[in-house]
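Both backbone and side-chain heavy atoms feed into the values below; hydrogens, waters and symmetry mates do not.
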Amino acid sequence: MLEPIKVVVTGAAGQIAYSLLYQIGKGDVFGQDQPIIMHLLDIPMMMGVLEGVVMEMMDCALPLVRGIVPTADPAVGFADVEAAFLVGAMPRKEGMERKDLLSANVKIFKVQGQALDKHAKKTVKVLVVGNPANTNALICSKYAPSIPKENFTAMTRLDQNRAQAQIAARLSVGIESVRNVLIWGNHSSTQYPDARHALVKKGAEEVKVSDALPDTAWLQDQFITTVQKRGAAVIAARKMSSAMSAAKAAGDHMRDWWLGTSDGSFVSMGVISDGSYNAPADVVFSFPVSIKNKQWTIVQGLPIDDFSRGKIEQTGQELVEERQEALSVCED
């Protein structure tokens, strides 16, 4: 039997964590043979609620869960962790501008970066879910200089899952029949959901989605805007932000990072940009990546047309602006 690994989830008393903790504990993320010690971190005023979550985790009687550590102290929460789900952040409220959210949340991620730097394993895999996720991941990394930049990622898997589901529904096939749908850029309304490189299995053969669905108008318009605005549509309908789907995506992201992607398949992750595809460097940008031995690599050489180039440029510009703003907030 493998040695237990320590995994931290922040915002552990919140809605997303409520779905995520069960997936982790059940073995859906790190594998069916990997025991886990779960560190559940939240703010002091949430400790009562967290107590109830701990009771429920115990009552699930999950064989892989070897310990649960509820805490409001980052030094305890991040101690020796090998994987971190940074879910806790101030949610966007009605009437709030994205910029208001940014200034509140980058300060949280500055503190968490410092705590990771001091207490976590240097190999820790950090997934930022709390918004604005890309820029929060960048700030978190900046304040954890002893941990490689490559170990900080932002979640665009929810957008990828949304895009894959839209394509599968449009083609009347199962989700598992569609792969390599991409998300470029920021986890915001400027993101670029791209089906140009996607493949779909029709019967025994796999064909390009663009051949199976020769509807360029839909692919360049309604498909993109549906994915871009899906979060807002969920809030409008549910009166709360995406939780179950966000938790599933966080689990998917970390599972692929931990266990790897299959040959020829790639997934979307917000990672530190090296300038590939003319994206701005030194922002956390969503690229197609393949993963082996817990290391991601940006997939190179995908043909990019003028339409895609314009979209990548637009979302990159937003990330550069966010970076400036976030750095000035952190220096205040």
Side-chain angles (χ1 to χ4, degrees), residues 86 89 98-99 101-102 105-106 109 113 125-144 147-164 180-198 224 227-228 231 246 249-250 252-254 256-257 261 266-291 295-327 330:
L86 304 188
R98 191 178 170 79
K99 290 183 176 179
L101 192 66
L102 187 134
N105 280 336
V106 291
F109 285 86
K125 303 280 180 268
V126 182
L127 166 58
V128 176
V129 176
N131 281 320
N134 297 55
T135 299
N136 286 341
L138 184 75
I139 293 300
C140 202
S141 166
K142 179 181 163 58
Y143 287 95
I147 297 168
K149 285 181 178 178
E150 292 74 27
N151 291 26
F152 290 84
T153 62
M155 186 169 88
T156 53
R157 185 56 171 266
L158 177 53
D159 307 301
Q160 180 193 307
N161 287 352
R162 287 165 169 165
Q164 193 177 342
N180 296 359
V181 184
L182 300 182
I183 304 295
W184 299 92
N186 199 2
H187 173 62
S188 76
S189 59
T190 68
Q191 64 172 267
Y192 172 41
D194 179 7
R196 290 179 69 253
H197 311 284
I224 292 174
V227 177
Q228 287 173 334
D252 289 347
H253 175 119
M254 188 65 82
D256 286 342
W257 197 358
T261 52
F266 31 85
V267 292
S268 302
M269 282 167 62
V271 299
I272 191 71
S273 172
D274 61 357
S276 291
Y277 296 100
N278 288 329
D282 298 318
V283 296
V284 170
F285 194 95
S286 182
F287 288 105
V289 300
S290 58
I291 306 164
Q295 304 291 322
W296 54 261
T297 307
I298 296 172
V299 175
Q300 297 294 345
L302 297 177
I304 302 294
D305 62 7
D306 288 345
F307 178 82
S308 300
R309 201 167 289 116
K311 294 286 186 192
I312 289 170
E313 197 176 308
Q314 183 191 8
T315 192
Q317 186 55 43
E318 182 181 55
L319 282 166
V320 169
E321 288 164 15
E322 277 189 16
R323 176 179 64 193
Q324 275 314 106
E325 216 166 304
L327 290 172
C330 288

S.K.: So with a 6.0 Å cut-off around CG of D305, is the heavy-atom count from everything else above 12?
M.R.: yes

S.K.: Has the side chain of N134 got a donor or acceptor atom that lies under 3.5 Å from a matching backbone atom of H187?
M.R.: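 Such a contact is found between N134 side chain and H187 backbone.
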
S.K.: Could you check if a side-chain atom of R162 sits within less than 4.5 angstrom of a side-chain atom of P193, using non-hydrogen atoms only?
M.R.: no

S.K.: Quick one: do Q228 and D159 satisfy side chain to side chain contact (heavy atoms under 4.5 Å, CB included)? Show the steps, please.
M.R.: CA-CA 8 Å; Q228 287 173 334; D159 307 301; over 6 Å; no

S.K.: Mind checking whether F152 and I147 have side chains closer than 4.5 Å, heavy atoms only?
M.R.: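 When only atoms from C-beta onward are counted, I147 and F152 do touch, with a gap below 4.5 Å.
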
S.K.: Looking only at heavy atoms, which two atoms of I139 and F109 are closest? And how far apart?
M.R.: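 Closest pair (atom of I139, atom of F109, distance): CG2-C, 4.4 Å.
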
S.K.: Check whether R323 reaches the backbone of D282 with its side chain - one donor and one acceptor, N or O, closer than 3.5 Å.
M.R.: yes

S.K.: Any side-chain heavy atom of F287 sitting closer than 4.5 Å to one from I183?
M.R.: no

S.K.: Is W296 reaching over with its side chain to a backbone N or O of E150, donor-acceptor style, under 3.5 angstrom?
M.R.: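 Yes, W296 side chain to E150 backbone: donor-acceptor pair under 3.5 Å.
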
S.K.: Please report the closest heavy-atom contact between P288 and L302, naming both atoms and the distance.
M.R.: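 Closest heavy-atom pair between P288 and L302: CG-CD1, 3.8 Å.
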
S.K.: Compare every heavy atom of V289 with every heavy atom of F266, then report the nearest pair and how far apart it is.
M.R.: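 Where F266 meets V289 most closely, the heavy atoms are CB-O, 3.0 Å.
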
S.K.: Of all the heavy-atom pairs spanning L319 and F285, show the shortest one and how long it is.
M.R.: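 Reported closest heavy-atom pair: CD1-CD1, 3.7 Å.
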
S.K.: Do you know which two heavy atoms are closest between V320 and P280, and how far apart they sit?
M.R.: CG2-CB, 3.6 Å

S.K.: Could you list the donor-acceptor pairs under 3.5 angstrom formed by side chains in residues 309-316, with sequence neighbours left out?
M.R.:
from, atom 1, to, atom 2, distance (Å)
R309, NH1, D306, OD1, 2.7
R309, NH2, I304, O, 2.7
T315, OG1, N186, N, 2.9
T315, OG1, T190, OG1, 2.8

S.K.: When you compare the side chain of L327 with that of K142, does any pair of heavy atoms fall below 4.5 Å?
M.R.: yes

S.K.: For S308, is there any backbone N or O sitting under 3.5 Å from a side-chain donor or acceptor partner on R196?
M.R.: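 No, R196 side chain to S308 backbone: no donor-acceptor pair under 3.5 Å.
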
S.K.: Looking at N131, is its backbone amide N or carbonyl O close enough to the side chain of N105 to form a donor-acceptor pair, meaning the two atoms are under 3.5 Å apart?
M.R.: yes

S.K.: Closest heavy-atom contact between S276 and S273?
M.R.: N-OG, 4.5 Å

S.K.: Out of L101, V106, L102, which one pairs with N136 under the side chain to side chain contact (heavy atoms under 4.5 Å, CB included) rule?
M.R.: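 That would be V106; it is the only one of L101, V106, L102 passing the side chain to side chain contact (heavy atoms under 4.5 Å, CB included) with N136.
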
S.K.: With a 3.5 Å distance limit and no angle check, can you tell me whether T261 reaches the backbone of S290 through a side-chain donor-acceptor pair?
M.R.: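 No, the answer is negative, given that no donor and acceptor are paired below the 3.5 Å cut-off.
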
S.K.: Any luck finding a side-chain donor-acceptor pair between H253 and T153 under 3.5 Å?
M.R.: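 Yes, a side-chain donor-acceptor pair sits under 3.5 Å.
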
S.K.: Tell me which one of L158, T156, V181 satisfies side chain to side chain contact (heavy atoms under 4.5 Å, CB included) with S268.
M.R.: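 Single side chain to side chain contact (heavy atoms under 4.5 Å, CB included) partner of S268 among L158, T156, V181: T156.
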
S.K.: Charged N to carboxylate O below 4.0 Å: is that the case for R157 and D256?
M.R.: yes

S.K.: Applying side chain to side chain contact (heavy atoms under 4.5 Å, CB included), run through Q160 and L182 and close with a yes or a no.
M.R.: CA-CA 6 Å; Q160 180 193 307; L182 300 182; over 6 Å; no

S.K.: side-chain hydrogen bond (donor to acceptor under 3.5 Å, both in side chains) between Q191 and S286: does it pass, once the steps are laid out?
M.R.: CA-CA 9 Å; Q191 64 172 267; S286 182; over 6 Å; no

S.K.: So do the side chains of V284 and T135 get within less than 4.5 Å of each other, counting heavy atoms only?
M.R.: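 The answer is no, as the side chains (C-beta and beyond) never meet within the 4.5 Å cut-off.
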
